[in-house]
A.B. asks: 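Next up is a structure, given as structure tokens.
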Amino acid sequence: KMDSYENINLFISDEIEQLMEKRGIRIEDVKETIHHAESTGAKFINSSGRSLASFRPDRVTFWVEYSPVGEAYNVHSAYSHRMEMKRKGTP
């Protein structure tokens, strides 16, 4: 189990870094999302072995597609949205 998201090492291509910048997603947002997924197990894993995880620290939900590379993570994509899911019967 990871101690802190700050200790997570990422591999991010220039293309993905530019995409994150355009979308207003910080490196810290990606690290927090991966930390949350890896420490709770709350993630989807697709047929290629990539993980897709979400994290909603405030009013924005961050989504990160990533895969482990040794002790680090390769970030394949990241996006965010402000949509909120409401379940039936909850305010």
Side-chain angles (χ1 to χ4, degrees):
K1 189 172 174 174
M2 287 180 256
D3 294 337
S4 170
Y5 74 89
E6 288 131 348
N7 298 325
I8 294 176
N9 293 314
L10 301 177
F11 296 112
I12 303 175
S13 70
D14 291 342
E15 180 185 355
I16 297 299
E17 201 165 346
Q18 288 169 6
L19 185 69
M20 287 170 51
E21 198 171 302
K22 190 173 109 183
R23 293 176 174 175
I25 300 171
R26 303 169 308 144
I27 299 282
E28 290 78 16
D29 301 325
V30 171
K31 287 185 174 187
E32 283 183 307
T33 303
I34 292 173
H35 179 267
H36 176 74
E38 294 299 312
S39 59
T40 65
K43 60 183 177 178
F44 300 99
I45 301 174
N46 68 17
S47 58
S48 66
R50 290 182 177 182
S51 295
L52 178 64
S54 68
F55 183 59
R56 187 171 195 258
D58 194 21
R59 292 185 149 332
V60 178
T61 302
F62 297 100
W63 289 88
V64 179
E65 183 183 0
Y66 66 96
S67 55
V69 181
E71 296 291 311
Y73 298 94
N74 188 14
V75 178
H76 303 287
S77 186
Y79 57 97
S80 66
H81 63 78
R82 296 183 185 279
M83 183 174 68
E84 189 175 335
M85 283 181 36
K86 298 242 184 206
R87 287 189 168 72
K88 189 175 178 179
T90 58

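The basis for the numbers below is simple: all heavy atoms, side chains too, and nothing from hydrogens, waters or symmetry mates. Numbering starts at 1 and runs along the sequence shown.
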A.B. asks: Taking only residues two or more places apart in sequence or in another chain, which ones pass side chain to side chain contact (heavy atoms under 4.5 Å, CB included) with Ser48?
C.D. replies: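 So Ser48 forms a side chain to side chain contact (heavy atoms under 4.5 Å, CB included) with Asn46, Arg50.
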A.B. asks: Check whether any side-chain heavy atom of Ile8 lies under 4.5 Å from a side-chain heavy atom of His35, and answer yes or no.
C.D. replies: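 Yes. Closest side-chain heavy atoms under 4.5 Å.
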A.B. asks: List in chain and number order the residues that pass side chain to side chain contact (heavy atoms under 4.5 Å, CB included) with Glu28, two or more places apart in sequence or in another chain; answer none if no residue qualifies.
C.D. replies: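 Partners of Glu28 by the side chain to side chain contact (heavy atoms under 4.5 Å, CB included) criterion, ordered by chain and then number, come out as Tyr5, Arg26.
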A.B. asks: What's the spacing between Ser67 OG and Ile34 CD1 if we round to 0.5 Å?
C.D. replies: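 Between Ser67 OG and Ile34 CD1, I get 9.0 Å after rounding to 0.5 Å.
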A.B. asks: What I'd like to find out is whether the side chain of Glu32 reaches to under 4.5 Å of the side chain of Asp29, using heavy atoms alone.
C.D. replies: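 SC-SC contact between Glu32 and Asp29 confirmed.
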A.B. asks: Taking Val30 as the starting point, is it possible to reach Ile45 by hopping between hydrophobic residues whose side chains are less than 4.5 Å apart?
C.D. replies: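 No, no single cluster joins them.
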A.B. asks: Taking only residues two or more places apart in sequence or in another chain, which ones pass side chain to side chain contact (heavy atoms under 4.5 Å, CB included) with Pro68?
C.D. replies: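 If we apply the side chain to side chain contact (heavy atoms under 4.5 Å, CB included) test to Pro68, skipping adjacent residues, the hits are Tyr73.
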A.B. asks: Going by the rule side chain to side chain contact (heavy atoms under 4.5 Å, CB included), which residues pair with Ala53 if we only count those two or more places apart in sequence or in a different chain?
C.D. replies: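 Only Thr33, Ala37, Lys43, Tyr66 meet the side chain to side chain contact (heavy atoms under 4.5 Å, CB included) criterion with Ala53.
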A.B. asks: Going from CZ on Arg59 to CZ on Arg82, what distance comes out if it is rounded to the nearest 0.5 angstrom?
C.D. replies: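 That separation rounds to 9.0 Å.
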A.B. asks: Each residue besides Phe44 in its hydrophobic cluster should be listed here, by chain and number; the cluster joins Ile, Leu, Val, Met, Phe, Trp and Tyr at side-chain heavy-atom distances under 4.5 Å.
C.D. replies: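 Its cluster partners, ordered by chain and number, are Leu52, Trp63, Tyr79.
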A.B. asks: Side-chain polar contacts of residues 10-25 - donor-acceptor pairs under 3.5 angstrom, sequence neighbours left out - could you list them?
C.D. replies:
| unit_1 | atom_1 | unit_2 | atom_2 | d |
| --- | --- | --- | --- | --- |
| Ser13 | OG | Ile16 | N | 3.1 |
| Arg23 | NH1 | Ala78 | O | 2.7 |

